[in-house]
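Notes to accompany the following structure.
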There are 2 protein chains.
Amino acid sequence: MDTVYKALADPSRRKILEILKDGDMTVNEIGRHFPFSGATLSHHLDTLKRANLVVAQRQGQYIEYSLNTSVFEEVVKALIGLFGKE
Amino acid sequence: MDTVYKALADPSRRKILEILKDGDMTVNEIGRHFPFSGATLSHHLDTLKRANLVVAQRQGQYIEYSLNTSVFEEVVKALIGLFGKE
DNA sequence: TAGATATTTAGAATATCATCTAAATGATAC
DNA sequence: GTATCATTTAGATGATATTCTAAATATCTA
């Protein structure tokens with residue numbers, strides 16, 4: 001779970017998650033929303049991937065990223081557990 | 001909200017939150033659960049305070065820290081918003 | 001196969017973070 | 001008020017993170 005919290009600590013990565021809520025996207029499409037280089041974006045995507053928050057799948061020449069929604073529920077539960085009183 | 005995510009990124013700070021679920025505590029009492037110096041603990045507490053996750057109140061010679069539970073609900077909502085599909 | 005596009009990897013620069021020791025501040029008790 | 005205990009602040013150090021450019025890898029098309 002540590003990798004998840006670390007991944008969420010950066011605002012650009014959180015924005016990537018927001019963007020992916022609109023649907024799967026290639027790295028290039030995601031990159032249009034950011035000022036930094038492709039290499040930097042690739043690094044952020046790698047961080048999200050390692051945290052299991054996104055999934056990458058090659059589609060021919062492109063690589064499509066999507067939210068790993070199945071993991072999100074666990075994350076929310078963990079957070080509620082962290083905050084909850086019980 | 002950025003300060004909140006940043007505050008949660010460190011495992012020691014998350015552990016402090018867990019510990020405070022058992023009730024309010026002085027800095028010294030919290031410190032017993034950690035190997036690092038009081039100065040370092042103070043820094044972590046400051047980070048949590050700035051994120052509005054804990055509240056400090058002087059009780060004579062001591063300072064008691066407590067969870068700022070009223071904020072936790074907002075935080076969970078923000079997180080669910082980040083992950084949610086709608 | 002060569003050239004073009006998409007993405008990642010390598011290596012380096014700068015910024016931020018966690019931690020330390022030492023010094024400062026606040027409160028109590030004698 | 002001086003000594004003592006609790007906590008914070010200052011300043012420094014080493015580790016980690018974000019970012020860059022350049023080079024490498026993968027795929028497609030002609």
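Just so it is clear: chains get the letters A, B, ... in the order the sequence lines come, proteins before strands, and each one is counted from 1. These values consider heavy atoms only, across backbone and side chains, with no hydrogens, waters or symmetry-generated copies.
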Please report the distance, rounded to the nearest Å, between [atom1] in [X] and [atom2] in [N].
X	N	atom1	atom2	answer
His43(B)	dA10(D)	NE2	C1'	14 Å
Met25(A)	dT7(C)	CE	P	13 Å
Arg58(A)	dA6(C)	CZ	P	12 Å
Lys49(B)	dT9(D)	NZ	P	7 Å
Gln57(B)	dG26(C)	CD	P	18 Å
Asn28(A)	dT8(C)	CG	C1'	13 Å
Leu45(A)	dA17(D)	CG	P	17 Å
Lys6(A)	dA17(D)	NZ	C1'	10 Å

Point to revise | Where Ala7(B) and Arg13(B) come nearest, the two heavy atoms and their spacing | key: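 Scanning both residues, the minimum pair turns out to be O-NE, 2.8 Å.
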Taking only the side-chain heavy atoms of [X] (C-beta and beyond), determine which of [options] contains the nearest atom.
X	options	answer
Phe36(B)	dA26(D), dC20(C), dT8(D)	dC20(C)
His44(B)	dT19(C), dT9(C), dA26(D)	dT19(C)
Ala39(A)	dT9(C), dC17(C), dT8(C)	dT9(C)
Tyr62(B)	dT7(D), dC20(D), dT8(C)	dT7(D)

Exercise for review: Please report the C-alpha distance between Glu18(B) and Lys15(B) in whole Å, then the side-chain angles of each, then the deciding distance to 0.1 Å, and finally whether the salt bridge (charged side-chain N to carboxylate O under 4.0 Å, His left out) criterion is met.
Suggested key: CA-CA 5 Å; Glu18(B) 294 276 2; Lys15(B) 189 174 169 188; over 6 Å; no
Over all strands shown, is [X] touching base, sugar-phosphate only, or nothing at heavy-atom distances under 4.0 angstrom?
X	value
Phe34(A)	nothing
Thr26(A)	sugar-phosphate
Gly38(B)	base
Asp46(A)	nothing

Think [X] has a side-chain N or O under 4.0 angstrom from the OP1 or OP2 of [N]?
X	N	value
Tyr65(A)	dT8(C)	yes
Ser37(A)	dC20(D)	yes
Arg13(B)	dA18(C)	yes

Review point. Which sits closer to the 5' end of DNA chain D, Thr40(A) or Gln59(A), going by the nucleotide each is nearest to?
Key: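 Nearest-nucleotide comparison on DNA chain D picks Thr40(A).
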Point to revise | 5'-most by nearest nucleotide on DNA chain D - Leu41(A) or Gln61(A) | key: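 Counting from the 5' end, the first nearest nucleotide belongs to Leu41(A).
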**Study point:** Phe34(A)-His44(A) aromatic ring centre distance below 6.0 Å
**Key:**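 For Phe34(A) and His44(A), the ring centres are not under 6.0 Å apart.
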Check your understanding: Given Ile16(B), which of Leu53(B), Leu41(B), Thr47(B), Leu67(B) fulfils the side-chain contact (heavy atoms from CB on, under 4.5 Å) condition?
Key ->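 The single option meeting the side-chain contact (heavy atoms from CB on, under 4.5 Å) with Ile16(B) is Leu41(B).
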Review point. Just one of Asp2(B), Asp10(B), Leu8(B) clears the side-chain contact (heavy atoms from CB on, under 4.5 Å) bar with Lys6(B), so which one?
Key: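 Per the side-chain contact (heavy atoms from CB on, under 4.5 Å) rule, the option paired with Lys6(B) is Asp2(B), out of Asp2(B), Asp10(B), Leu8(B).
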Exercise for review: Indicate whether the side chain of Ser70(B) and that of Asn68(B) have a donor and an acceptor atom separated by less than 3.5 Å.
Suggested key: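 On atom types as modelled, these side chains qualify, holding a pair under 3.5 Å.
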